[in-house]
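See below for the structure under consideration.
Just so we're on the same page: letters track the sequence lines, and every chain starts at 1. Nothing here was measured: the structure is a model prediction, and the numbers come from that model.
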Number of protein chains: 2
Amino acid sequence: MAALDGNSVEAAAIDPIPTLARQVMEQLRRDILEGAHPPGGRLRIESLRERYGAGASPIREALSQLAAEGLVLRVDQRGFRVALADSAMLRDLIETRCLVETAALRASIARGDAAWEEQVLVSHHRLARTPRSADPGRFLPNPEWEAHHRAFHLALLDGCGARALLAFCADLQDRALRFRYLSNQVAWPQRDVGAEHKAICEAAIGRQADEACALLEAHYRRTGHFLSAAAPREDLPTGQGPST
Amino acid sequence: MAALDGNSVEAAAIDPIPTLARQVMEQLRRDILEGAHPPGGRLRIESLRERYGAGASPIREALSQLAAEGLVLRVDQRGFRVALADSAMLRDLIETRCLVETAALRASIARGDAAWEEQVLVSHHRLARTPRSADPGRFLPNPEWEAHHRAFHLALLDGCGARALLAFCADLQDRALRFRYLSNQVAWPQRDVGAEHKAICEAAIGRQADEACALLEAHYRRTGHFLSAAAPREDLPTGQGPST
DNA sequence: GGCGGTAGTTTTGTCGATAAAAACTCTCCC
DNA sequence: GGGAGAGTTTTTATCGACAAAACTACCGCC
């Protein structure tokens, strides 16, 4: 997931036996992304200790990392809870992505070399030939498609030549992924995302900055629209018993 | 420092007795920013345990958080070390800031309301009336100036209406601050940063998007130029005894 | 003389226990 | 009947100890 994070990339690649804390963190992240722990829900150390079969230290460490990543919320002396995922946050996320990623895309288009162009092309090709759903009949998330989708969007921006910016974009994409997971079964197959990706790819390679940015922005805003329409029930799932 | 981080803000504001891990983290961050631990240097748990008077758990937790923040580098099973701060990273940081913050500034100028305008004005005023150096004779970092400086730059972008973006900008500013600390005594008083801030402020309030962005970008690039010129010796301080 | 393997030392990652803090509950009083 | 308060229970934050892994230094061998 956070494969672009400079800290983890080399260690994860070499080490065959990741540290326990890392295993817990990755499993926990998957569980949160997939909604096993509901947004706003408490994450008690003891429960997690039991569920993931580890001592308190690795659990706590995993939670700390996820907290810094924004997926988990920590309150000193009052434990951890799953980060909220309400429609206000979704709006904010979309807004941020539109602002940041169009800037990055513009820079990519202006500065990207031949290698960038080729990478955009090939990553789009891989995405295009992968079915979005693992099941042709109904929607079932296809991990391969998710990976290619992520790679394509990052490849688009990779020409900008700013690693810190790219890492942030990768992070934003992860956050967006969470919303997609939470409201499963979204906009499929009503919407032809393949065509949208194709148009973005062509505009980018054709160095049509304005058009590419407009398409990308529309792409994100449309996704946001579908998501907030599809999952209004998740808006304020926190509750969790106020003091009274 | 990371006062904009949603996780810490409320806890830190209320809790009079912060958790030990938090204390260690904040002190450690300050020490790293100020160069007490050199970039690339190892951070052994035992040494830190001794230095900060805490057990291994809080130390490890503080390191985890700083690692996620980018100030500390973690390698599984091989401990922690201070993140590098070479000129390539500085370049990358500047590039990222220029791309992201001009986008944010543009959005701020387009969307910012009266409250935003006033906040920019007042934060600039506070900055302008605070001396940059705590000592009139030579350069000595003035914490008050630093705080106002940070507030001014964030106020500029605060009109964009995207909290996630703003949080990222705050993070970028912290990273930049580190470079400033590392190469102490920089460009003072050769450079009139006050005038630069004033010009940016006026262009922003006057809704001159293009000019404000150009000024902001020049502001950052100039800083980068000074920093990399002032601290060439820090370029590759890692070394740390290769295998031979 | 250089290199590979091996024993010893350091350092990390993990565990279980413990003290402190928060949350909850139940009772008593108005 | 409602609310405040004391006691109990849950939960967190921290510590010290231990096992596993990495690093170091040494020794023998080619």
Closest of D:dT12, C:dT14, C:dT11 to the A:I45 side chain is D:dT12
B:F80 has a side chain; which of D:dA13, D:dT11, C:dG13 sits nearest to it?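 Nearest to the side chain of B:F80 among the choices is C:dG13.
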Write down the distance between [atom1] ([X]) and [atom2] ([N]), rounded to a whole number of angstrom.
X: A:R22; N: C:dT12; atom1: CZ; atom2: C1'; result: 14 Å
X: A:E46; N: D:dT10; atom1: CD; atom2: C1'; result: 10 Å
X: A:R74; N: D:dT11; atom1: CZ; atom2: P; result: 18 Å
X: A:L43; N: D:dA13; atom1: CG; atom2: C1'; result: 17 Å
X: A:D76; N: D:dA13; atom1: CG; atom2: P; result: 7 Å
X: A:R42; N: C:dA22; atom1: CZ; atom2: C1'; result: 9 Å
X: A:R81; N: D:dT12; atom1: CZ; atom2: C1'; result: 14 Å
X: A:Q65; N: C:dG13; atom1: CD; atom2: P; result: 11 Å

Check this for me, if you would: do A:R221 and A:E95 make a salt bridge, where the nitrogen-to-carboxylate-oxygen distance has to be below 4.0 angstrom?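 Here A:R221 pairs with A:E95 in a salt bridge, since their nearest N and O are under 4.0 Å apart.
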Within the 4.0 Å limit for protein heavy atoms, which parts of nucleotides 15-21 of chain C are touched? Write it as a string from 5' to 3', B for base, S for sugar-phosphate only, - for none. BS----S
Is any side-chain N or O of B:T19 closer than 4.0 Å to OP1 or OP2 of D:dT12? no
Taking only side-chain nitrogens and oxygens of B:R78, does any of them come within less than 4.0 Å of OP1 or OP2 of D:dC23?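 B:R78 to D:dC23 OP1/OP2: side-chain N or O found under 4.0 Å.
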Please classify the nucleic acid contact of B:I59 as base, sugar-phosphate, or nothing, using heavy-atom distances under 4.0 Å. nothing
With sequence neighbours excluded, what pairs up with A:R175 under the side-chain hydrogen bond (donor to acceptor under 3.5 Å, both in side chains) test? A:D171
The side-chain hydrogen bond (donor to acceptor under 3.5 Å, both in side chains) partners of A:E34 (sequence neighbours excluded) come to none
Set of residues satisfying salt bridge (charged side-chain N to carboxylate O under 4.0 Å, His left out) with respect to B:E50, sequence neighbours excluded: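 Once residues adjacent in sequence are excluded, B:E50 has no partner under the salt bridge (charged side-chain N to carboxylate O under 4.0 Å, His left out) criterion.
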State which residues pass salt bridge (charged side-chain N to carboxylate O under 4.0 Å, His left out) with A:E118; sequence neighbours excluded, sorted by chain then number.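 Counting only residues at least two positions away or on another chain, A:E118 forms no salt bridge (charged side-chain N to carboxylate O under 4.0 Å, His left out).
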Identify all side-chain donor-acceptor contacts of residues 52-63 of chain B below 3.5 Å with residues at least two apart in sequence or on another chain.
residue : atom : partner : partner atom : Å
B:Y52   : OH   : B:D31   : OD2          : 2.6
B:Y52   : OH   : B:H37   : NE2          : 3.1
B:R60   : NH1  : A:E61   : OE2          : 3.4
B:E61   : OE1  : A:R60   : NH1          : 3.4
B:E61   : OE2  : A:R60   : NH1          : 3.2
B:E61   : OE2  : A:R74   : NH1          : 3.3
B:E61   : OE2  : A:R74   : NH2          : 2.4

CG of B:D158 to NE2 of B:H153: how many Å apart, nearest 0.5 Å?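 Taking CG in B:D158 and NE2 in B:H153, the distance rounds to 14.5 Å.
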